[in-house]
Number of protein chains: 2
Amino acid sequence: MSLDSKRPLTLRDVSEASGVSEMTVSRVLRNRGDVSDTTRTKVLAAAKALGYVPNKIAGALASNRVNLVAVIIPSLSNMVFPEVLTGINQVLEDTELQPVVGVTDYMPEKEEKVLYEMLSWRPSGVIIAGLEHSEASRAMLKAAGIPVVEIMDTDGIPIDAMVGISHRRAGREMASAILKAGYRHIGFMGTKMPLDHRARKRFEGFTEVLAKNGVEIEDRAFYSGGSALAKGREMTQDMLSRSPELDFLYYSNDMIGAGGLLYLLDQGIDIPGQIGLAGFNGVELLQGLPRQLATMDACRLEIGRRAAEIIAAQLSDPPDPVETKVVLAPTIAYGDTLKRR
Amino acid sequence: MSLDSKRPLTLRDVSEASGVSEMTVSRVLRNRGDVSDTTRTKVLAAAKALGYVPNKIAGALASNRVNLVAVIIPSLSNMVFPEVLTGINQVLEDTELQPVVGVTDYMPEKEEKVLYEMLSWRPSGVIIAGLEHSEASRAMLKAAGIPVVEIMDTDGIPIDAMVGISHRRAGREMASAILKAGYRHIGFMGTKMPLDHRARKRFEGFTEVLAKNGVEIEDRAFYSGGSALAKGREMTQDMLSRSPELDFLYYSNDMIGAGGLLYLLDQGIDIPGQIGLAGFNGVELLQGLPRQLATMDACRLEIGRRAAEIIAAQLSDPPDPVETKVVLAPTIAYGDTLKRR
DNA sequence: GTGAAAGCGCTAACAG
DNA sequence: CTGTTAGCGCTTTCAC
């Protein structure tokens with residue numbers, strides 16, 4: 001049975017229980033250096049019997065190695081980010097590295113705080129969403145002396161490495177597709193998030209192409225909080241009663257787009273004939289709707305994977321050569337709500 | 001400007017730069033003990049100028065204090081868990097504590113691994129989903145000597161504290177409501193997850209009440225992977241063509257329920273007259289559907305909050321008294337798909 | 001193969 | 001209010 005003391009077990013306890021020096025116990029537990037089978041077995045038995053769990057804090061301090069990768073994202077409730085995390089996990093599972101997640105709620109000050117907190121644990125690398133950070137955050141990232149991968153967005157200059165898509169281009173391409181399909185009276189709906197730089201860039205790209213073709217967004221609306229599906233429904237209803245001449249609705253994300261779609265189907269409106277619709281993200285979750293919303297895949301899983309691969313590569317000894325500026329190409333999915341031409 | 005060496009900064013660097021002893025620098029940086037304003041300002045200026053980030057690894061080792069709370073959950077892509085995390089965050093934000101998340105993918109061996117990994121960082125507390133764990137995991141949790149809160153489920157005996165709902169009871173109550181409404185020919189659809197103990201318990205409670213009333217589930221189907229909405233749609237179609245006599249469909253989660261709902265609406269079937277439907281979870285996301293699916297709230301946010309409160313209370317000095325076995329009461333939402341009686 | 005000594009960067013405990 | 005001393009539990013390095 002294990003000792004009944006309050007004090008957590010140390011290497012020394014295992015050493016004493018097995019009659020092997022601390023140093024050798026340490027070697028066994030880390031599979032490092034040559035140890036005779038006899039000793040190894042003895043040590044492992046003792047460690048198991050005691051229920052010893054190594055103290056990584058001490059280990060990290062002594063070895064100056066921490067197998068943690070800080071992952072800093074704006075939100076967990078956005079669908080998008082859990083998927084990125086999945087990609088990161090998939091890659092890191094085959095390595096010694098462990099992701100540790102911090103959430104910023106899209107707030108630069110909180111990002112700064114979370115980053116500081118995470119860096120104080122001296123992680124081996126950082127994966128962080130976006131290219132926009134406070135001066136202090138940028139300074140910390142530069143000074144950390146570890147690989148940094150900025151993800152999701154490629155419209156800007158990374159501190160170190162980056163993996164993502166160009167949201168400006170995504171907006172531009174969607175605008176082109178919409179114009180090509182013949183729509184001319186366009187409404188826009190999105191989140192009221194001045195700090196969501198990626199949504200902003202998509203919007204800028206979108207309006208840029210419209211403007212070049214002499215088209216302007218004729219109505220727009222923004223929401224915050226609540227169920228996105230419900231908001232999409234409400235906002236769509238409001239917008240169409242306000243601006244009945246619209247023939248296309250562009251949504252900043254798939255969830256509100258789906259809400260709009262369901263509303264229009266309820267109303268018996270001809271989609272994509274009378275009105276076309278498009279969202280953004282390629283949310284798999286929505287694949288059971290009566291119609292498939294036109295959208296654009298944001299390559300989330302791939303972004304996570306590539307980012308993790310970059311970190312892993314830079315950390316291997318010697319560093320594997322990898323592309324450190326990765327611009328992925330999102331593709332339009334026309335679905336059933338955008339005429340194809 | 002900061003030093004251009006590769007070596008990360010230490011307290012000593014700040015000490016030298018400010019001409020104040022390491023110890024006093026440490027005190028300033030931690031706001032502990034009395035320090036004169038003059039010294040404080042000097043130190044803070046030096047630290048900022050250098051861009052010093054404290055090394056928590058060394059701090060934790062020396063002080064034997066780690067402000068980390070390990071949070072271990074089965075999945076991030078389930079909606080449910082991000083919401084629990086939100087609750088945990090809300091509470092921990094007002095404390096010194098920081099959540100660190102580990103994901104098990106519903107696999108006991110992975111849970112064991114993740115737990116071991118996290119415990120080796122000597123966190124101050126553990127919040128872990130479920131009451132079912134491997135022997136080794138239970139042993140680790142007991143031996144850790146820190147507060148442990150098992151969440152989500154209360155049908156079982158916790159190692160230490162627990163916060164959740166009784167899934168067995170949730171199943172029973174839904175069965176009662178369905179029977180009371182007059183439905184008698186019931187089909188069930190759920191995930192193919194032998195390791196999802198909570199889904200299993202709901203199912204057991206459900207069938208138990210049916211059996212007591214001489215009713216049996218007449219058809220059932222299980223899925224895995226893919227878009228839950230799409231699966232709900234497919235499975236519902238299949239089940240009804242196979243068993244057209246069914247007058248109620250019970251889904252193990254809201255997403256597949258919503259898929260089924262959309263399908264039935266497409267078919268012009270009278271809901272809840274001809275067929276009734278119910279899911280589980282109270283997913284806010286779905287509030288924009290044409291009809292509201294009957295469901296049962298799993299109190300996710302509340303569970304997260306209460307769990308974090310328990311940890312915080314036990315860690316405060318002296319420990320605040322708190323309820324450590326919290327059984328929340330989920331409530332049925334009848335929505336538009338279950339007749340009320 | 002194995003062990004002994006030194007120290008990672010910080011903080012507790014005490015002294016002034 | 002400030003400084004000194006002695007570790008925290010482990011790994012590095014070097015000796016045997």
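- Leu11(B) has its CG atom 19 Å from the P atom of dG7(C), to the nearest Å.
- Following rounding to the nearest Å, Leu61(A) (CG) and dA6(C) (P) show an atom-to-atom distance of 18 Å.
- The phosphate of dG9(C) has neither OP1 nor OP2 within less than 4.0 Å of any side-chain N or O from Thr10(B).
- Each of Val20(B) and Gly59(A) lies near DNA chain D, and the nucleotide nearest Val20(B) is the one positioned closer to the 5' end.
- For Glu22(B) and dC10(C), the CD to C1' distance is 8 Å, given to the nearest whole Å.
- Put simply, the side chain of Tyr116(A) reaches to within 4.5 Å of the side chain of Val53(B), judged on heavy atoms.
- When the shell of 6.0 Å around CG of Asn64(B) is examined, it contains 12 or fewer heavy atoms from other residues, nucleotides or ligands.
- Side-chain contact of His133(B) with Glu150(B): a donor-acceptor pair under 3.5 Å is present, judged by distance alone.
- One finds no side-chain N or O of Arg27(B) lying less than 4.0 angstrom from the OP1 or OP2 phosphate oxygen of dT11(C).
- Salt bridge annotation for Glu117(B)-Lys113(B): absent, with no cationic side-chain nitrogen under 4.0 angstrom from a carboxylate oxygen.
- Direction of the helix axis in the helix from dG1(C)-dC16(D) to dG16(C)-dC1(D) shifts by 30° between the two five-pair termini, rounded to 10°.
- For Leu119(A) against Ala144(A), the heavy-atom pair with the smallest separation is CD2-CB, 4.1 Å.
- Of the candidates dA12(C), dG3(C), dG9(C), dG3(C) carries the atom nearest the Met23(A) side chain, counting heavy atoms from C-beta on.
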Could you walk me through whether Arg306(A) and Leu328(A) pass the side chain to side chain contact (heavy atoms under 4.5 Å, CB included) test, one step at a time?
CA-CA 10 Å; Arg306(A) 297 293 291 269; Leu328(A) 267 20; 4.2 Å; yes
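- The distance between atom CZ of Arg32(A) and atom P of dG1(C), rounded to the nearest whole Å, is 17 Å.
- Side chain of Thr86(B) to main chain of Pro82(B): a donor-acceptor pair is present (N/O by atom type, distance under 3.5 Å, no hydrogens or angles).
- One finds no side-chain N or O of Thr24(A) lying less than 4.0 angstrom from the OP1 or OP2 phosphate oxygen of dG1(C).
- Here dG7(C) presents its C1' atom at 12 Å from CZ of Arg12(B), a figure rounded to the nearest Å.
- Residue Ser26(B) has a polar side-chain atom (N or O) positioned under 4.0 Å from OP1 or OP2 of dT11(C).
- Looking at heavy-atom distances under 4.0 Å, Asn64(A) makes no contact with the nucleic acid at all.
- The span of DNA chain D lying next to chain A, judged by atoms under 4.0 Å from heavy atoms, is bounded 5' to 3' by dG9(D) to dT12(D).
- Rounding to whole angstrom units, CH2 of residue Trp121(A) and P of dC10(C) are separated by 13 Å.
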Show, in sequence, the C-alpha distance, side-chain angles and deciding distance for Glu302(B) and Glu83(B), and conclude whether the side chain to side chain contact (heavy atoms under 4.5 Å, CB included) test is met.
CA-CA 9 Å; Glu302(B) 178 74 2; Glu83(B) 238 175 295; over 6 Å; no
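- OP1 or OP2 of dG3(C) has at least one side-chain nitrogen or oxygen of Ser21(A) nearer than 4.0 Å.
- Between the side chains of Ser26(B) and Arg30(B), at least one donor-acceptor pair of N or O atoms lies under 3.5 Å.
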